[in-house]
Amino acid sequence: MQSFNPHHRAASDPIPSPDGTDRTGNHHRPGADSADSHRRAGRHPLLSGKQNLRWLAPRLASWGFVVINVGTNTLTDDPESRGRQITAAGTQLLALGDDPGNPLSGKLNGTLGAAGHSMGGGGVMAALRDDPRFRAGVPTAPYHPNGNFSGVTEPTFFLTCQSDAVAHGNSYAVPWYNSMSQAEKLYIEVPGDHLCPMTGYGNKAKQGKWTVSFFSLWLRADTRFSPFLCGPARDAAKNNTSLVTRWMDTCQF
């Protein structure tokens with residue numbers, strides 16, 4: 001999980017005009033020669049920011065997820081707008097699964113997850129709050145100046161950055177985490193500034209492992225991934241201060 005899964009060859013196709021955005025996008029999926037492609041008729045779609053999290057989309061696809069990776073209309077789109085764009089892109093992705101001529105035909109099961117960075121992370125929270133199709137989310141360094149997410153009940157993994165001067169966890173993710181009394185939650189703060197979850201920054205081996213594990217557990221109910229989030233493997237990372245500067249969770253899950 002600290003790299004691409006060698007048993008899945010990820011494939012990618014362009015989406016010229018994803019619904020809800022003015023940008024082009026791509027969907028990433030396990031290739032036809034993936035070891036278990038014939039066994040998983042119901043794959044789980046995920047959403048992520050096109051540039052900031054472009055490292056994550058093929059990583060998740062190599063572990064059996066279908067991922068649509070899209071940008072925002074403009075860089076100034078606020079978190080609520082980004083949340084609406086996430087839900088619109090999810091609708092389009094599910095429609096591709098119903099299109100007999102599309103490579104995704106028959107491969108999606110209607111359950112969505114989402115990941116996003118900064119205001120995109122705030123958009124992930126808005127999607128979890130407003131759209132019951134989204135069953136898990138990974139907001140990274142999330143920002144939403146007026147967010148109230150106490151009603152979110154879906155599993156949420158907050159990945160934040162210790163030296164973030166833009167969206168420090170103490171200002172946003174931690175209050176949200178504490179308010180979400182009905183949700184399973186994971187909070188990991190790592191060294192770095194606001195860019196720590198982005199492509200080219202931070203420890204992508206560990207960030208990828210945690211994200212793959214979280215989505216695999218909560219979108220597939222695959223408990224083989226639980227030890228990486230709760231248990232000895234978690235404890236080894238949690239107690240490594242060069243890797244993790246703060247860890248909170250609702251284990252056991």
Side-chain angles (χ1 to χ4, degrees), residues 46-49 52-53 56 78-80 82-83 86 112-132 134-198 202-203 206-219 225-226 228-231 233-235 237-241 243-253:
L46 299 169
L47 310 176
S48 63
N52 292 2
L53 297 181
L56 184 58
D78 64 26
E80 289 294 323
R82 293 176 190 231
I86 288 171
L112 294 167
H117 175 253
S118 193
M119 286 196 286
V124 169
M125 296 304 300
L128 290 173
R129 180 196 63 204
D130 296 339
D131 192 330
F134 287 85
R135 305 303 299 275
V138 180
T140 68
Y143 173 83
H144 193 312
N146 302 306
N148 180 348
F149 302 113
S150 59
V152 172
T153 60
E154 303 299 345
T156 306
F157 168 25
F158 298 97
L159 177 64
T160 68
C161 315
Q162 181 186 28
S163 303
D164 193 336
V166 176
H168 196 278
N170 288 344
S171 299
Y172 301 102
V174 171
W176 301 342
Y177 179 102
N178 290 334
S179 73
M180 292 162 53
S181 60
Q182 302 301 311
E184 297 286 8
K185 298 164 291 185
L186 174 65
Y187 180 99
I188 302 177
E189 180 188 88
V190 300
D193 60 17
H194 188 59
L195 305 181
C196 79
M198 288 176 56
N203 189 324
K206 298 300 184 182
Q207 293 178 21
K209 179 174 75 171
W210 298 326
T211 304
V212 169
S213 297
F214 193 82
F215 279 133
S216 295
L217 176 61
W218 293 114
L219 294 182
F225 292 84
S226 295
F228 299 104
L229 306 174
C230 299
R234 171 201 65 170
D235 294 340
K238 181 179 179 180
N239 297 324
N240 183 347
T241 56
L243 175 64
V244 173
T245 54
R246 178 163 38 172
W247 186 302
M248 301 184 291
D249 58 51
T250 53
C251 290
Q252 294 290 331
F253 48 63

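Because only heavy atoms are used, hydrogens play no part in the values below, and waters and symmetry mates are left out as well, while side chains stay in.
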Candidates T160, T250, L186 - the one meeting side-chain contact (heavy atoms from CB on, under 4.5 Å) with Y177: T250

Shortest non-hydrogen separation from A136 to L219 and the atoms involved: CB-CD2, 4.0 Å

Any side-chain heavy-atom pair of F253 and W218 under 4.5 Å: yes

Flag side-chain contact, heavy atom, 4.5 Å: N178 against V174: yes

Between H168 and H194, ring centroids under 6.0 Å: no

Minimum side-chain heavy-atom gap M180-S150 below 4.5 Å: no

Student check: side-chain heavy atoms of D193 and D164 closer than 4.5 Å: no

Side chain to side chain, M125 and F158, heavy atoms closer than 4.5 Å: yes

Shortest non-hydrogen separation from T140 to L53 and the atoms involved: OG1-CD2, 4.3 Å

Contact summary for P142 and G121, nearest pair of heavy atoms: CB-C, 3.8 Å

Side-chain donor-acceptor contact under 3.5 Å, N170 with R246: yes

SB check R129 E80 (cutoff 4.0 Å): yes

Side-chain touch W247/R234, heavy atoms, less than 4.5 angstrom: yes

For G169 against P175, the heavy-atom pair lying closest together: O-CD, 3.6 Å

Option passing ring pair (Phe, Tyr, Trp, His ring centres under 6.0 Å) with W176 (candidates Y187, F149, Y143): F149

